Amino acid sequence: MKIGLVGHPGGGKSTVFGALTGLAVETGFGSGKENVGSVKVPDSRVDALSEMYAPKKTTYAEITFTDLGGGHGEGIDRKTLNAMRSVDALCQVLRAFPAPDGGDGDPLAEMLEMETETLLADLEVVEQRVLRLRKDRSNPAELALLERVQEALENEIPGRRMTLSEDERRMLLGYSLLSQKPLLLVLNVAEESVAESAPDGLASAARERGLGVVVLSAAVEMDIAQMQTTEQAEFVASLGLAEPARNRFIRGAFELIDLVSMLTVGPDECRAWPIPRGTLAPRAAGKIHSDIERGFIRAEVVPWEQLVEQGSEAKCKEAGLTRVEGKDYVIQDGDVVNFRFNV
Ligand code: GDP
């Protein structure tokens with residue numbers, strides 16, 4: 001699962017990327033490089049279970065971020081547009097801090113500009129396909145769908161806001177429409193504004209579009225990332241925050257791509273397994289090992305809070321809290337699962 005950071009040059013993409021991944025990156029206006037790095041998803045459930053089991057290894061879910069660079073003088077360039085098509089979700093970094101050479105940010109304008117450009121890029125793709133399908137009459141169902149999509153795009157409705165059936169949504173995925181990709185807005189504010197909420201204009205525009213907004217200061221997050229853990233907590237509290245914005249941002253991104261975490265525990269390893277929401281137990285078992293999927297018998301499931309509350313799996317069983325689920329069970333976020341299988 002790959003998430004692309006996009007936005008105007010100088011908005012702080014590279015800085016956000018560096019703070020997220022802890023990788024040293026070149027910052028500065030439009031450094032134009034594409035950086036890729038994976039990030040552990042902070043998870044207090046895994047922390048609690050790991051404390052309980054003191055396992056040899058603790059493994060968090062991971063997602064990959066890629067800094068797609070800029071290319072925003074005369075709009076987004078082709079290369080960036082193509083790179084945007086290949087990611088699973090987008091995070092747009094909006095500048096709300098004064099630029100080094102002066103000039104306040106205008107995050108709402110940046111958001112609207114990106115929206116327009118992605119709509120136009122999508123329209124170009126759809127128009128071409130519609131012409132082609134009208135000519136060769138090969139697929140009337142797809143043509144009808146794309147004509148509807150074209151009309152919606154012309155009316156400035158992004159793909160993610162269109163009313164589509166599951167099948168239609170799936171059919172459209174092949175076109176990698178940019179306005180259909182899940183989008184999270186990252187408001188990069190000045191150091192003194194990290195505890196404030198997004199300005200009204202941006203907040204209401206985001207709400208109308210059903211988009212999440214994470215407020216952070218990339219510069220502050222970069223400083224936090226370089227501190228020792230104890231120093232970090234004090235500094236974060238002095239900013240009026242409960243935790244580094246980095247954590248909120250990564251969790252927001254994780255939810256954006258509609259993943260949930262299945263948990264496994266034991267003396268060897270406590271681990272979060274990212275799985276798409278709605279995954280059935282055998283498929284989820286296959287994430288651990290294909291043999292477990294193939295030989296799936298049942299899943300023993302207990303929600304993580306109950307396990308932590310009871311203190312052991314044995315106590316959960318005694319208290320009748322452990323459920324035995326079959327192959328039609330949909331794994332829920334935070335389920336601690338033990339698979340029984342036979343190969
Ligand atoms: P990109 O072009 O979007 O990748 O932006 P960069 O991450 O390279 O940042 C552009 C400039 O803004 C750099 O000089 C950064 O140090 C600076 N910058 C980024 N985030 C912040 C921030 O939160 N506060 C301040 N004051 N400067 C920032």
Side-chain angles (χ1 to χ4, degrees), residues 2-37 39 64-84 87 89-115 117-118 178 181 183-199 202 213-227 232 235-236 238-241 243-250 252-253:
K2 199 155 133 188
I3 298 182
L5 294 175
V6 291
H8 287 53
K13 288 180 300 298
S14 311
T15 313
V16 167
F17 178 83
L20 283 174
T21 58
L23 298 173
V25 287
E26 190 186 322
T27 58
F29 280 87
S31 54
K33 288 231 182 89
E34 189 177 318
N35 294 305
V36 185
V39 166
T64 303
F65 281 93
T66 162
D67 176 357
L68 296 179
H72 221 294
E74 294 285 312
I76 317 173
D77 58 41
R78 287 270 150 197
K79 187 170 153 256
T80 307
L81 283 174
N82 286 336
M84 285 166 72
V87 296
L90 296 166
C91 291
Q92 185 182 3
V93 180
L94 304 166
R95 183 169 70 84
F97 63 89
D101 61 353
D104 285 337
D106 190 345
L108 179 58
E110 287 186 3
M111 186 205 88
L112 295 174
E113 194 178 315
M114 173 76 74
E115 180 174 86
E117 290 191 54
T118 50
L178 299 175
K181 298 209 181 274
L183 173 65
L184 180 67
L185 302 174
V186 181
L187 192 65
N188 191 7
V189 298
E191 288 78 339
E192 59 275 16
S193 309
V194 289
E196 291 169 19
S197 43
L202 181 72
V213 185
V214 175
V215 177
L216 54 75
S217 160
V220 169
E221 291 303 313
M222 197 69 147
D223 290 343
I224 295 175
Q226 282 153 8
M227 290 176 185
Q232 247 183 30
F235 182 62
V236 169
S238 77
L239 294 170
L241 299 174
E243 60 175 347
R246 176 184 186 278
N247 296 6
R248 271 186 284 130
F249 177 29
I250 298 172

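First listed ligand is number 1; within each ligand, the first listed atom is number 1. Keep in mind that this is a model prediction, so the values were computed, not measured.
Not counting sequence neighbours, the partners of E115 by the side chain to side chain donor-acceptor pair (under 3.5 Å) test are R209.
Look at L216 and you'll find every heavy atom at least 4.0 Å from all atoms of ligand 1. Close to ligand 1: E191, with a non-hydrogen atom less than 4.0 angstrom away. Within the 4.0 Å heavy-atom shell around ligand 1 one does not find V93.
Interatomic distance, CG of L184 versus CD1 of I3, reported as 8.0 Å (0.5 Å rounding). Taken to the nearest 0.5 Å, the CG atom of L68 stands 11.0 Å off from the CG atom of N82. Interatomic distance, CE of M84 versus CD of E117, reported as 8.5 Å (0.5 Å rounding).
The K13 neighbourhood of ligand 1 comprises atoms 1 (P), 2 (O), 3 (O), 4 (O), 5 (O), 7 (O), with distances under 4.0 Å to a heavy atom of that residue. Taking every heavy atom of T15 and a limit of under 4.0 angstrom, the matching atoms of ligand 1 come to 6 (P), 7 (O), 9 (O), 15 (C), 19 (C). Which parts of ligand 1 touch H8 is read off a 4.0 Å heavy-atom cut-off, strictly below it: atoms 3 (O). Proximity to G10 (heavy-atom distance under 4.0 Å) selects the following atoms of ligand 1: 1 (P), 2 (O), 3 (O), 5 (O), 10 (C). Of all atoms in ligand 1, listed by their number and element, those nearer than 4.0 Å to a heavy atom of V189 are 23 (O). The P9 neighbourhood of ligand 1 comprises atoms 2 (O), with distances under 4.0 Å to a heavy atom of that residue.
Between the R246 side chain and the A19 main chain, a donor and an acceptor come within less than 3.5 Å of each other. Between the E110 side chain and the L94 main chain, no donor and acceptor come within less than 3.5 Å of each other.
Inclusion of A218 in the set of residues having an N or O under 3.5 Å from an N or O of ligand 1 is warranted. Considering both main-chain and side-chain atoms, F97 never comes within under 3.5 Å of ligand 1 through any nitrogen or oxygen pair.
V16 has its side chain out of reach of F65: every pair of non-hydrogen atoms, C-beta onward, lies at least 4.5 Å apart. Put simply, the side chain of H8 reaches to within 4.5 Å of the side chain of E113, judged on heavy atoms.
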